[in-house]
Amino acid sequence: MNDRPRDPLRPRGFEETQELRRQISQDFPKPAKKEEEDDELSPLKKLNHKLGVYLSPKTTSISDDEQKRKIGVIITTIIIITLVISAYYFIIYEPSQEQLSLAKTTKLNELHDLYSGALTTSPNAMMLESKINDAHSPEEIETINILTPATKDWKSFHKKSIATNQDKYNRTMAVYENESKNTIMPISQATKILNENDAIILSKIKFEEPNTVSVPILISRLQAGAGLVSVGSVVDIYNNHNSTADNYTSNSTSPEISGCTVLSIMRYEENGDIDSEYSKTKMIVKGNNTNPHENTKGFSSDVLEMIKGAIANGYDENETFDMLKDYGVKLSNYERQINLGDLDAQYMLLIETPQDKVNYVLNNMDDIVLTIPTSEAPDWMVKEISSTYQN
């Protein structure tokens, strides 16, 4: 009997319980786990095991054939992926990028054509260019409208330009940059051009204040509109030069200068010489007697000498000027009406032209031809054209 005093922290009978547990463990040992249970792996562990074979081949012993087969599979897979990517790039991606690039270039060229000159750096031009560059497909680019905003911007710009570039005669001058052509016109006509055209035309025009001078030219009747132009006529100047020398060509169908005003016209002095005789004969026969009667009237004058006489108070000046007013124009009109005239007549005209065109007019005096636009036609021309097309 153990007389050792009991530990106060242990409950009564603790030692007996522990002794009983040891005895049971010795008499009934736990069965050992089966080997096959140790080899059983969950599906996740099996997957990890297979991945370990590929990713850590050194830690797993595999045969050479198996290793070659797996390497072949990897290489084949890489080749197939490369071929697919290459085919996609060359067959689909690259052509689509080329189409997109071509569409962008075409649209940008259109933008720069319509937004040129003074509107090159306008806010709308910058916005449209950014929109084109950010587009992802040709279809998206095609939907970008440039003409409408460009037309609106050009009309707004030209409206202000016309208002600030007019002379004291309420005219302005349209300068066609690509054609090197100047046209002097009233403000109403400039406004009409502005309202009837879009940016394709308006982008090629600028309006300037007319800077004109009067240029005297000596030309033939053929060059002077058949001699039927009159003071105040608005004419266009064409070039009838047929030679291709000196790098000059005359293939243009547009006038070299438009809207020129005829300020004065002079014929040669000999066209004012008048020497006419009118004779009327009557024969009366009575039997063997014949009595001829002749009535002759003659007139001889010099128009210029009459004017000189009027100036020197030899004639009534007012009466003389009323009688001879527009003598040259009347003469040309009568010649037109009777289909007979002096085709060799020469004319000295004073023409209002833009200052930068003076040298052109003087250097090409032998080749220029004055034409009368039907929009500025004289009354007789309007009458003839109207009677022709009335039926």
Side-chain angles (χ1 to χ4, degrees), residues 169-174 176 179 181-198 201 205 217-242 250-268 271-272 274 276 303 322-353 357 361 364-391:
Y169 309 109
N170 291 324
R171 303 178 305 174
T172 188
M173 184 169 67
Y176 296 81
E179 301 177 14
K181 182 179 69 173
N182 299 341
T183 303
I184 301 171
M185 62 185 69
I187 296 299
S188 58
Q189 185 177 348
T191 303
K192 184 178 179 181
I193 291 175
L194 200 61
N195 294 332
E196 294 180 351
N197 291 280
D198 56 24
I201 301 298
I205 303 176
I217 55 175
L218 181 63
I219 55 178
S220 68
R221 182 166 193 164
L222 175 64
Q223 295 173 272
L228 299 174
V229 295
S230 59
V231 173
S233 294
V234 177
V235 297
D236 292 341
I237 297 180
Y238 286 81
N239 194 304
N240 194 34
H241 190 61
N242 294 321
S250 58
N251 296 326
S252 175
T253 57
S254 301
E256 302 294 339
I257 312 173
S258 296
C260 299
T261 304
V262 178
L263 302 178
S264 70
I265 306 174
M266 285 187 287
R267 277 192 177 206
Y268 268 132
N271 294 112
I274 303 172
S276 63
V303 173
D322 286 341
M323 179 177 59
L324 298 176
K325 183 180 180 181
D326 296 328
Y327 168 79
V329 176
K330 289 180 180 179
L331 179 60
S332 296
N333 275 321
Y334 280 122
E335 290 173 338
R336 173 182 61 83
Q337 293 174 20
I338 65 175
N339 302 323
L340 292 172
D342 182 6
L343 300 183
D344 294 328
Q346 294 285 314
Y347 294 81
M348 173 73 77
L349 284 83
L350 197 61
I351 304 290
E352 181 195 25
T353 62
K357 295 292 184 178
V361 174
N364 295 276
M365 191 182 303
D366 294 335
D367 301 310
I368 62 175
V369 176
L370 307 183
T371 63
I372 306 173
T374 53
S375 59
E376 303 287 348
D379 293 339
W380 65 266
M381 188 181 293
V382 173
K383 182 179 179 181
E384 293 296 335
I385 294 175
S386 297
S387 63
T388 300
Y389 291 99
Q390 276 181 353
N391 298 327

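All of these numbers come straight from a predicted model, not from anything done at the bench.
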S.K.: Ignoring hydrogens and geometry beyond distance, is a side-chain donor-acceptor pair present between Thr191 and Ser188 at under 3.5 Å?
M.R.: no
S.K.: Okay, side chain of Glu256, backbone of Val361: is any donor-acceptor separation there less than 3.5 Å?
M.R.: no
S.K.: In Å, rounded to the nearest 0.5 Å, how long is the span from CD1 of Ile385 to OG1 of Thr374?
M.R.: 6.0 Å
S.K.: Quick one: does Val262's side chain get under 4.5 Å of Leu350's, heavy atoms only?
M.R.: no
S.K.: Evaluate the criterion side-chain contact (heavy atoms from CB on, under 4.5 Å) for residue pair Ile184 and Cys260; output intermediate values, then yes/no.
M.R.: CA-CA 7 Å; Ile184 301 171; Cys260 299; 6.0 Å; no
S.K.: Walk me through it: do Leu218 and Tyr347 pass the test side-chain contact (heavy atoms from CB on, under 4.5 Å)?
M.R.: CA-CA 6 Å; Leu218 181 63; Tyr347 294 81; over 6 Å; no
S.K.: What are the two closest non-hydrogen atoms of Thr261 and Arg171, and how far apart are they?
M.R.: OG1-NH1, 4.3 Å
S.K.: Take Met185 and Ile193 through the side-chain contact (heavy atoms from CB on, under 4.5 Å) test and state the conclusion after the steps.
M.R.: CA-CA 10 Å; Met185 62 185 69; Ile193 291 175; 3.7 Å; yes
S.K.: What is the distance from atom CG of Leu343 to atom CG of Leu222, rounded to the nearest 0.5 Å?
M.R.: 9.5 Å
S.K.: Would you name the heavy atoms of Val231 and Leu263 that are closest together and state the gap between them?
M.R.: CG1-O, 3.4 Å
S.K.: Which pair of heavy atoms, one from Asp236 and one from Pro255, lies closest together, and at what distance?
M.R.: CB-CB, 3.9 Å
S.K.: Could you tell me whether the side chain of Thr172 reaches within less than 4.5 Å of the side chain of Ile187, counting heavy atoms only?
M.R.: yes
S.K.: Quick check for you: to the nearest 0.5 Å, what is the distance between Thr353 atom OG1 and Ile237 atom CD1?
M.R.: 6.5 Å
S.K.: Identify the two heavy atoms, one from Ala224 and one from Leu349, that lie closest to each other, and give their separation to 0.1 Å.
M.R.: CB-CD1, 4.3 Å
S.K.: To the closest 0.5 Å, what do you measure between OH (Tyr238) and CG (Asn364)?
M.R.: 15.5 Å
S.K.: Hey, what do you get for CG (Asn197) to CD1 (Ile205), rounding to the nearest 0.5 Å?
M.R.: 6.5 Å
S.K.: Might you point out which heavy atoms bring Ser258 and Thr183 nearest each other, and give the distance in Å?
M.R.: CB-OG1, 3.3 Å
S.K.: Starting from the C-alpha separation in whole Å, work towards a yes-or-no answer on side-chain contact (heavy atoms from CB on, under 4.5 Å) for Ile219 and Leu370.
M.R.: CA-CA 10 Å; Ile219 55 178; Leu370 307 183; 3.8 Å; yes
S.K.: What closest approach, in Å, do Ile265 and Val229 show between heavy atoms, and which atom pair accounts for it?
M.R.: CD1-O, 3.1 Å
S.K.: Got a second to check how far Asp344's CG is from Arg221's CZ, nearest 0.5 Å?
M.R.: 10.0 Å
S.K.: Would you confirm whether Ser387, through its side chain, and Glu384, through its main-chain N or O, come within 3.5 Å as a donor-acceptor pair?
M.R.: yes
S.K.: Within the distance-only criterion (no hydrogens, no angle test), does the side chain of Gln223 pair as donor or acceptor with the backbone N or O of Ser220 below 3.5 angstrom?
M.R.: yes
